[in-house]
Structure formats: structure tokens, C-alpha cells
Amino acid sequence: MTDEKNRYKQTVLLPRTDFPMKADLATREPARRKKWEEMKLYDLIRAARKGAKPWVLHDGPPYANGDAHTGTGMNKILKDIVVKFRTMQGFDSPYVPGWDCHGLPIEHKVLADLGGVKPPNMTVLELRQRCLDYAHGFIDKQRNQFKSTGTLGRWERPYLTIDPAYEANVLQVFASLHERGYITRAKRPVHWSWAAQSALAEAELEYEDRQDPSVYVRFPVSTCGKECKFREIVEARPDREEIWGTLALLIWTTTPWTLPANVAVAASQGAEYVLVRYERDGKREHMVLAQALLSRVAEKAKLQNVNVLEVFSGADLKGVGYSHPFLETACPVVFADYVTLEDGTGLVHTAPGHGKEDFETGKREKLPVVCPIDEAGKFFTGDRLKKELQLSPAFEDTRGWLKMLEGQNVLKANPLIVNKLREEGWLLHTENIQHSYPHCWRTHAPVIFRVTEQWFVQIDHVDPDKAMNPQGKTLRARLLDAIHATKWFPAWGENRISAMIENRPDWCVSRQRYWGIPIPAFRVKETGEVVLTRETNKRVVELVRQHGSNVWFDDVNWPAEKLLPPEVAAKYKGKTLEKMGDIFDVWFEAGSSFQAVMREDAELKDKFPANMYLEGDDQHRGWFQVSLILSVATTGVSPFKHCLTCAFVVDEKGEKGSKSKGNMWPIDQGCKDLGADLIRYYFASLDTSSPVPVTYKLIQAAGDGYRKVRNTFRALAGNLFDFDPARHAVTPDKLQQLDRWVLSRADALIAAVTAAVDRYEFHVALREITQFCNVTLSAQYIDVCKDVLYCEAADSPKRRSAQTACWAVAGLLVRMLAPVLVHTSDEMWEFLPKAPGDPQSVHLASWPSSGDGQRHIDLDLERRFDLTFKVKAEADRVLDRMRKEGKVGKGYDTIVTLGAKPDLLAELASLGVERLAEYFNVSGVILGDAMHHAAAEGYEPAVDVQGLFVKVVPSADRACVRCYRRTGDVGNSASHPELCGRCAAAVGDSV
RNA sequence: GCGCCGGUAGCUCAGCUGGUUAGAGCACACGCCUGAUAAGCGUGAGGUCGGCGGUUCGAGUCCGCCCCGGCGCACCA
């Protein structure tokens with residue numbers, strides 16, 4: 001028997017392939033990437049798609065600092081998946097990566113290495129050179145890290161925001177905005193980071209919890225105007241003398257350091273206010289506050305004998321004046337509609353120098369703007385302090401307030417002010433409160449509001465250009481139109497960014513730093529006049545294009561007069577023009593990439609607007625928004641057609657990745673340890689629109705899916721060792737029905753996967769593929785057609801038909817996996833028999849489309865196979881029980897008898913009764929009649945198929961030693977007495 | 001405080017416009033095979049579909065309220 005087996009073993013066509021089962025990604029991936037570099041795969045792809053319809057994903061520049069960690073790595077991987085998919089679809093889809101190279105983080109790092117501040121003997125140019133070197137170092141580092149993910153692109157020629165050409169384009173965008181009237185220079189309160197010593201934009205703020213003193217302060221009422229209702233109310237009382245003597249407005253604030261800048265108290269016209277008498281520390285006092293807040297305040301401050309003397313409307317306070325409690329200036333009560341009765345006292349401390357709403361109120365009421373804080377967040381000193389506080393020169397600091405404040409940091413000033421207020425009796429109550437407060441995103445220091453003169457992009461400006469803005473809409477309105485015309489993935493992105501645009505203030509684009517692109521404005525030293533014209537812009541753009549933005553900082557070689565066009569220089573003859581010191585918000589630079597890259601790069605300039613921007617969803621506030629603003633203002637359209645966002649990566653506990661927590665690792669380290677393809681597979685397998693947990697353990701767990709796909713392919717490829725599509729492929733009409741069925745399923749798979757990827761739902765696509773590999777291929781198709789592939793004669797029509805299907809399925813699987821498993825699929829490609837004209841790399845191949853070649857969807861066939869496999873499951877259930885009872889072993893040792901209603905049996909029989917045994921992996925299937933078999937011995941009812949009864953019995957026939965089946969005709973062949981008829985014929989006289 | 005998204009088997013998730021016993025993969029248990037073999041196949045157990053109430057002949061699926069998690073906006077004086 002054993003000899004017989006050995007005799008025939010060699011005639012069985014077992015799968016053969018060198019495609020390894022073990023992926024060994026750690027060593028194979030780098031080798032493959034090296035190969036791609038040597039063959040210049042990216043260039044080959046570009047050449048192959050030259051002239052095709054463009055589809056461009058424009059890269060958002062990561063910041064050239066630190067490691068590329070898992071989050072940035074995921075971003076690059078998702079981009080690469082999209083680009084590879086579009087490329088395979090036949091689009092010309094170049095990928096030009098970029099880096100954001102200017103800005104505070106680098107400047108900070110460089111300064112920190114220098115001891116915190118710029119050494120006095122170091123020139124700005126020298127400092128900038130250090131920043132430049134620093135940036136370049138990280139570009140090289142990150143480039144290698146990104147490349148380790150298998151991402152293809154124009155890595156050797158990325159775009160950098162420090163390139164002179166890029167810088168010139170940023171200035172060009174600014175010049176265009178200026179020409180169109182969007183730019184203004186104005187004194188306004190801006191978010192100011194005293195730690196970074198610079199203004200900040202909305203996108204540079206992070207809200208963090210912090211504790212601040214909450215103080216209730218008495219502002220003594222001094223004068224009341226002639227027409228003042230409140231005055232009449234008090235005057236009408238017999239105890240008016242006593243009231244006037246100790247009367248105060250009660251205000252509330254959580255920023256005591258802004259009290260020196262107080263110039264008014266704002267009340268609500270409509271609210272009810274009260275005049276209250278109370279006792280505190282045994283003293284009787286009077287105050288005014290909102291009625292609704294009295295009880296809370298009285299309780300907090302533990303006031304005694306509280307008596308409401310009068311109730312009146314807020315409007316009655318018109319004309320009331322008070323004396324600043326320590327600066328003794330005369331200040332008015334004003335009205336503002338933002339005064340609410342939720343917190344505080346209903347009387348709002350108003351400091352136009354330190355608050356946006358206060359500033360607006362101040363503007364309306366013509367209040368002075370007081371801002372005694374310098375750029376480092378400290379009170380000015382000496383006469384400067386007096387001047388900024390707008391005190392009269394005669395003011396004598398007899399109580400020591402100015403002395404106390406001089407040079408104090410705002411936060412340190414808080415307790416000092418509170419203490420002195422208490423000492424002097426102005427403080428009614430204080431406590432600490434926890435609230436969230438804006439912080440500088442880089443230094444994490446709390447931000448303050450500070451009035452300064454800055455450059456702004458006016459969001460409500462109406463562009464006069466009729467061609468671009470025919471309806472005369474504001475930029476804000478046009479931005480909202482552009483947002484609506486853009487497709488957002490996921491869809492809620494549209495609401496999110498619309499809400500931001502609807503509410504956002506003008507964009508403060510100036511920063512008071514060194515490492516950036518200068519705002520090209522000049523100032524007349526003698527008069528303070530600011531000079532910024534079309535001509536000066538043009539000249540500076542040109543010079544920066546030629547020499548880089550250093551011209552602005554190089555006073556030796558590039559004094560102001562050399563940067564000025566001759567006619568402007570002539571106009572100001574006799575006066576001194578100097579370069580102003582502001583640079584651009586880095587967001588302005590990154591936001592100009594649509595111009596500097598998409599509209600200028602030789603390879604991309606005809607492809608604007610980009611088809612896609614793809615970044616983390618925090619970029620709604622950041623890059624997407626600034627890019628939209630700048631593009632819509634200067635070109636009239638959104639710079640992107642699709643906007644896809646992904647969420648942050650988190651650790652297993654759902655916490656954001658951060659270096660300090662140690663839950664982040666460089667992406668190249670992960671690729672080395674786990675395999676880039678496995679990481680890519682992991683990212684593609686889940687919904688990246690909600691937070692993505694990333695740990696080694698989770699990614700390793702995804703290896704199960706990866707291995708299944710790999711092994712399924714290996715099985716297909718292994719059965720194609722003697723298959724040459726050109727010679728052996730079977731025409732569609734000659735395909736066996738099982739093969740037609742799998743190809744029909746494959747076609748449906750293509751449709752589903754393509755639709756999912758088109759919506760950028762990679763996890764849906766991958767799930768479809770995994771499911772297909774697990775169920776359709778591994779458990780159903782391959783398991784069934786093994787017999788044909790192994791045991792039929794090599795060149796038999798049945799076997800060639802199966803091989804044709806395996807080949808087609810393997811081919812489309814490999815292609816559909818290519819965008820995700822960039823290395824593995826390319827490796828698979830090498831083991832796949834090629835048709836004439838197939839490219840050398842899968843990345844040069846095209847995406848499969850349904851209806852290609854032999855495939856077409858046959859729903860009728862699918863329905864019948866569905867039923868067949870469903871019934872097979874019923875037989876398996878019975879078979880399994882019998883196995884556990886020790887009655888049978890493998891399926892081929894059994895005969896299955898099915899009893900059912902005639903229509904069900906007819907449906908089953910329609911695929912061919914003789915085929916059912918094959919599909920069931922048993923030696924025989926007999927179709928009976930339910931009416932007779934239902935109650936008969938040995939039959940049991942099916943669980944999931946109504947009206948079906950199943951009986952499984954061991955077969956009495958001999959097993960063929962070659963194919964193990966018991967077909968009843970074993971021994972019929974004289975030359976092969978141990979074989980069944982089929983095998984005897986297949987073997988012939990070969991052995 | 002306002003808004004958005006999510007809460008379905010131990011884990012990761014599917015469940016479209018409401019319709020028969022809620023699915024898949026992994027993990028687990030039990031078997032088979034040893035001709036995909038550091039593979040393959042089969043069977044099984046496991047879920048009050050976050051909670052409560054409502055609409056409906058019928059709800060995981062629609063509505064309301066609540067709880068939990070994530071995020072965004074406003075955070076004000």
C-alpha cells in the first residue's frame with residue numbers, strides 16, 4: 001500500500017512555489033525598497049502616466065523638527081495609499097512631499113542651545129543660519145523615516161518653505177492680497193504669548209486648565225452726570241449722604257493683572273440692578289450690582305445685614321462715573337450687550353487693551369486703550385509705565401501701586417494686586433477658580449490679550465475684482481461658498497470648518513520673531529509712516545527669489561535703500577527708510593503652498609487646484625483653513641477638491657501620543673521591528689476618522705489578517721507553477737461553473753473594494769478583501785477545487801479552467817492589495833504568471849475593474865452556489881458530530897444523503913448532482929425526498945435550511961490511493977488497480 | 001454651556017432606506033487532515049445590540065430623555 005502511494009504521489013500535482021510563507025518583512029522590505037530606488041520606480045511610474053489625466057494629492061508639510069512618529073507616519077501612509085490607488089486607476093498622480101521649515105519651534109530649539117536668548121554678539125543672519133542647518137538636519141532624518149514606510153514620491157526634490165522660490169511665492173501671495181485690499185495694519189488686541197514674545201493666531205492656541213484668582217472689587221462711585229437717573233434715585237433718599245459716602249460698583253474679574261488697564265465698567269441696559277446696603281467686618285457699606293447675582297455674591301463674601309435699598313434698570317446707570325481704585329482716574333459706566341448674569345456681578349471690568357470685546361466697546365465709547373504690558377509680559381517701568389497707563393505726569397504714586405507693578409510679570413502681579421486691594425479695602429471677596437484658558441501651543445505658557453500694532457488679513461473684505469468676485473461678496477462669504485463646493489471626508493468636516501470661518505476674526509499674520517519670511521514693509525524713521533506698495537512688494541519678491549529672505553536680515557549687504565525700487569527711494573529722498581521687523585505667521589507660509597507648489601512647480605503647475613488635501617483633523621483649524629483663505633482670496637477657488645482627514649493616534653488607553661508619556665515611537669523604528677506592510681495593513685484596516693490606537697501589540701495582532709492574505713495568495717500561486725496564461729488560459733465559455741462562480745464573486749469584490757477606496761474607506765475595502773480570502777477563497781473555492789488542481793491530468797480542461805480562475809483571482813487580489821501592502825504585493829507580483837505586456841512592478845499595473853476579461857457577475861449562479869454552501873454547512877455539522885463520535889474520519893470517507901422538498905432539491909441538482917460530492921468534499925451526495933426521509937432513521941433536520949434533512953454514512957467503497965475519494969470505480973483499471981477511473985486515466989502510463 | 005461622533009460577542013468591528021432565529025475576523029474550546037504544513041478544514045460556546053420611555057403589527061435600526069467615552073466650538077469680564 002505504502003509503495004502504491006509513493007508510486008502515485010509523484011503524479012499528484014501539488015502546489016509548488018518559492019513565494020515564502022514567512023513574510024520576513026524586516027529583511028525583505030529594505031531590499032525591495034533598494035531595488036525600487038535602483039530601478040527608479042517612481043520615475044518609471046511618472047513616465048508611464050505622462051499625459052494622463054492628473055489627480056494630485058498635495059502634501060501638507062510636516063514640521064521639520066523631531067522624529068516622524070506614528071501619527072505623521074500614518075498620515076504619509078494614508079496619502080501613499082490614495083496616490084497609489086489613483087495611479088493604478090490610470091491617473092497621473094505625482095507626489096511631491098514638503099516640509100515646513102520656519103517658525104518658533106526651531107527658533108526656540110536653536111535659542112535654547114544658545115542658552116535661551118540670542119547672544120548679543122550674534123547677528124540675526126548667524127542665528128538664521130543655525131535655524132536653517134537645524135531644519136535641514138531634520139528634513140534628512142524625517143525623509144528617511146518616511147521612506148521606510150514604503151511611500152513613493154519625489155523624495156529627492158521635495159518642496160521646502162525655506163527655498164528662495166517658495167519664499168518669493170509667499171511674498172507674492174501677500175502682495176496679491178495687498179493689491180486686492182485685504183491687508184491692513186492696525187492696533188488691536190491680539191493673543192500674545194509673552195513666553196514666545198510674539199502674537200499668535202487662533203490656530204496656535206491650545207486650551208488648558210488653569211487656576212486663577214477670582215476677585216470681586218469695589219470701584220468707588222465718584223461723579224454722576226446731571227441727567228443721571230441713578231443719581232436721582234439716590235438723591236431721593238433721606239440717607240443719601242451715607243450712601244454716597246461708601247458707594248461702589250462691584251466688579252468681578254479672573255485677571256487681576258488687567259485692573260491697571262481698567263478704563264470703564266460695562267453694564268447691561270436691560271438687566272435689573274440693585275443698590276445694596278450691607279455690613280462687612282462690622283462696617284456698613286453700599287454697592288451696586290446685578291440683582292440676580294446679589295445672593296451668590298453676598299454668600300461668598302459672607303456679607304451681613306444685606307438690605308436691598310433700591311431696584312432699578314441697568315439703563316439708569318447711564319452717567320455714573322467712578323474713580324479707579326488705585327490710579328484714581330475718572331472712568332465711566334458704559335453698556336455692552338455681552339454682559340450676562342451668569343457669573344460675576346453684572347458689572348464688567350473693561351480694559352480695551354486686554355480684551356477683544358473690551359476693545360470693541362472701547363472703540364464705540366471712545367475709551368482710551370491702555371496696555372502697560374511689554375512684549376515679555378511684564379509691566380513697563382518708570383515713566384514708560386506712567387505713559388502707557390495714560391496717567392497725568394502729575395500723578396504721584398503715593399500709595400505705591402506703580403512701584404509694586406514695575407517690571408512684574410503679569411501672572412506674578414496677580415497676587416500682589418489682590419493683596420494690595422485687600423489691604424486698601426477694595427476687595428470684597430477672592431477665591432481660586434479652575435477654568436480652561438488659552439495657552440501658547442509651543443511654550444505652553446498662558447496667553448494674554450495685548451493691544452499691539454499688527455498686520456491683518458481682513459476676512460470681511462470685499463474683493464473689488466469683478467472677474468473673481470462678480471457678486472461683490474465678502475471673503476468670508478466666498479470662503480463659505482468654496483467650502484460648500486469642496487467635498488469633505490468625513491462629511492462633518494464641512495460643518496466644522498464652516499463654523500470656524502463664520503466666527504473667525506481677522507487673521508493676524510505678523511510675528512515678532514527672526515526665523516521666518518519678512519513682511520516686506522518699510523517705515524520712514526522720521527515720521528513713522530509705513531511704506532508698503534505694489535512696487536516695493538514687486539522688488540522684494542524679486543530679490544528674495546534670487547537671494548532668499550536673508551536679504552531682509554542682512555543690513556550690511558542689503559540696507560533698506562537697496563531693497564527699494566528706485567522710484568520709491570527717490571520719493572523719500574532726504575528721509576530714512578528702514579525695514580520693519582515683523583515676519584509672517586508660519587501658517588501664512590504653509591497656507592501659501594497652493595501657490596508656491598501647486599501653481600509654480602514645473603510638474604504641478606497645470607494641475608491646480610489639487611484633487612486632495614489629506615491631514616489630521618486638527619488641520620481644519622490649521623492648514624486647511626489658511627490654505628482656503630489665501631487661495632480663495634487670491635485665485636477665487638478652493639485649493640483642493642477633496643479634503644480627507646484622519647484622527648490622532650492614541651495609545652491603548654486612548655491617550656494622545658506624546659514624547660513625555662513614552663507612548664510614541666519613530667515610524668521607521670516600527671517599520672523595522674514590525675514591518676512597514678504590517679503597519680500599513682493595520683492603518684488601512686481601521687476607521688482612521690476616529691482616534692487610532694497604536695501599539696506594537698495591536699499591530700502584531702493585525703498580522704493574522706496579513707498572514708491569511710499572504711497564505712491565500714501563496715496557495716493560488718502554488719497551483720500556477722505549470723500555468724502559462726498565454727498558452728493555458730481557458731476562454732470564458734469553457735470555464736467550469738465553480739470557476740465561473742468564483743470569478744463572479746471576484747467581480748463583486750472589485751466593485752465593492754473600488755467603491756470603498758473611492759470613498760477613502762480603506763478599512764471597508766480591506767475587510768472585503770480579507771473576507772473574500774477567508775471565506776470565498778480559502779474555505780470555499782480553494783478547498784473544493786484542490787482535487788481538480790492536484791489530481792486531474794495536468795492539461796485537462798477542468799484543471800486549466802481552475803488555474804485560469806486562480807490566476808485571474810490572484811492577479812486582481814495582488815493589484816487591489818498593492819496600495820496597502822506595497823512591498824508584499826510587489827513580491828507577490830513576481831510569483832504570478834505574467835501575461836504579455838504586464839509591467840515589471842505591480843505599482844505600474846492598473847487597478848482591476850469589474851467586467852474585465854473572463855469575469856462577469858452571474859447572480860443566478862451565485863444564488864445556487866450560496867445554497868450549495870449553505871447545505872454543505874448542514875452536512876458538515878452532522879459530519880462533525882459523527883467524527884467526534886469516532887464513526888468517520890475525513891469527508892471523503894462518507895456519503896451524504898439529503899432529503900428536502902422537490903424545489904429545493906431541484907435547485908441543488910441544477911448545478912449537477914454528480915458535482916455536489918465535489919463541492920461537499922465527500923465521496924457521494926444523494927438527493928432524496930424529504931417526505932420519505934424526514935422521520936426515517938439516521939436523518940436529522942437542518943438548522944439553517946428549512947425543510948432539509950441530512951444523513952451521513954460511511955462509504956463502503958474502496959478509497960483511491962491517489963485522490964482518497966471513494967467513487968465506486970476503484971480497481972476498474974487493470975494497470976492501476978488501486979486507482980479510481982479518473983485517476984487511472986490521469987496517470988495513464990506515466991508510471 | 002452649545003454642537004458633533006461613538007457606545008452591538010473576551011477583542012476589533014459589519015449591520016443600507018425599520019421586517020423572519022443579530023453577523024464576520026481574531027482569540028477560546030473540541031475535532032479532522034497531514035497533498036496550502038510555523039499551513040488548511042469543520043463544529044461549538046459566547047451578545048438584556050449603553051439605560052429608560054415612546055412611535056409601529058414589528059426597532060440594534062426612527063423619536064425623546066438620561067448615562068458613559070472621544071472630539072470640536074465658546075469659554076468670556
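Below, chain A is the first sequence line, B the second, and so on; all start at residue 1.
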TODO: Please state how far atom NE2 in A:H763 lies from atom C1' in B:rG15, giving the value in whole angstrom units.
DONE: 13 Å
Task: Residues A:D783 and A:K786 bridged, charged N to O under 4.0 Å - done: yes
TODO: For A:P941, check side chain to side chain contact (heavy atoms under 4.5 Å, CB included) against everything at least two apart and list the hits.
DONE: A:F949
TODO: Tell me what A:A499 touches on the nucleic acid: a base, only sugar-phosphate, or nothing, going by heavy atoms under 4.0 Å.
DONE: nothing
Open item on the list: Counting the atoms with a prime plus P, OP1 and OP2 as sugar-phosphate, which does A:N711 contact under 4.0 Å by heavy atoms, base, sugar-phosphate, or nothing?
Closed with: base
Task: Closest nucleotide among B:rC41, B:rG35, B:rG44 to the A:R877 side chain - done: B:rG44
Task: side chain to side chain contact (heavy atoms under 4.5 Å, CB included) against A:E431, all qualifying residues, sequence neighbours excluded - done: A:S214, A:K300, A:H429, A:I433
Task: Nearest-angstrom distance from the residue atom NZ of A:K9 to P of B:rG35 - done: 4 Å
Task: Value in whole Å for how far the C1' atom of B:rC16 lies from CZ of A:R759 - done: 11 Å
- [ ] For A:R962, report the nucleic acid contact type (base, sugar-phosphate, nothing); a contact means any heavy atom under 4.0 Å.
- [x] base
Open item on the list: A:T688: which residues meet the side chain to side chain contact (heavy atoms under 4.5 Å, CB included) condition with it, sequence neighbours left out?
Closed with: A:M74, A:L78, A:C646, A:L686, A:V692
Task: Euclidean distance for C1', B:rA9 against B:rC28 (whole angstrom) - done: 12 Å
Task: Residues which pass ring-ring contact (aromatic ring centres under 6.0 Å, His included) with A:Y919, listed by chain and number, not counting sequence neighbours - done: A:F865
Open item on the list: Show me the pairs that pass side chain to side chain donor-acceptor pair (under 3.5 Å) and involve residues 762-774 of chain A, at least two apart or across chains.
Closed with: A:Y681-A:T770
TODO: Keeping to residues at least two apart or across chains, list the ring-ring contact (aromatic ring centres under 6.0 Å, His included) pairs with something in residues 338-364 of chain A.
DONE: A:W257-A:H354
- [ ] Under the side chain to side chain contact (heavy atoms under 4.5 Å, CB included) rule, collect the residues that match up with A:S689, sequence neighbours excluded.
- [x] A:P490, A:D687
Task: Atom-to-atom span, CG of A:L979 to C1' of B:rG35 - whole angstrom - done: 15 Å
Task: ring-ring contact (aromatic ring centres under 6.0 Å, His included) involving A:F831 - partner list, sequence neighbours excluded - done: A:F19
Please list, pair by pair, any protein nitrogen or oxygen found under 3.5 Å from a nitrogen or oxygen in nucleotides 72-77 of chain B.
from	atom 1	to	atom 2	distance (Å)
B:rC75	N3	A:S436	OG	2.3
B:rC75	N4	A:S436	OG	2.3
B:rC76	OP2	A:S436	O	3.1
B:rC76	O2	A:E357	OE1	3.4
B:rC76	N4	A:E342	OE1	3.4
B:rA77	OP2	A:T254	OG1	3.3
B:rA77	O3'	A:T253	OG1	2.3
B:rA77	O2'	A:H349	N	3.2
B:rA77	O2'	A:H349	O	2.6
B:rA77	N6	A:T340	OG1	3.2

TODO: Using a 4.0 Å heavy-atom cut-off, write out nucleotides 21-32 of chain B from 5' to 3' as B (base contacted by protein), S (sugar-phosphate only) or - (no contact).
DONE: ---SSS---BSS
- [ ] Compare the ring of A:Y790 with the six-membered ring in the base of B:rA36 and state whether they stack (centres under 5.5 Å, planes under 30°).
- [x] no
Open item on the list: Test side-chain hydrogen bond (donor to acceptor under 3.5 Å, both in side chains) on A:Y437 and A:T254; report intermediate values, then the result.
Closed with: CA-CA 11 Å; A:Y437 189 87; A:T254 55; over 6 Å; no
Task: Rounded distance (Å) that lies between atom P of B:rU37 and atom CG of A:N719 - done: 11 Å
- [ ] State the dot-bracket string of RNA chain B. Criteria: Watson-Crick or G-U wobble, both atom distances under 3.5 angstrom; notation: ( ) intrastrand, [ ] crossing earlier pairs, | interstrand, . unpaired.
- [x] (((((((..((((.....[...)))).(((((.......))))).....(((((..]....))))))))))))....
TODO: Under the ring-ring contact (aromatic ring centres under 6.0 Å, His included) rule, collect the residues that match up with A:Y790, sequence neighbours excluded.
DONE: none
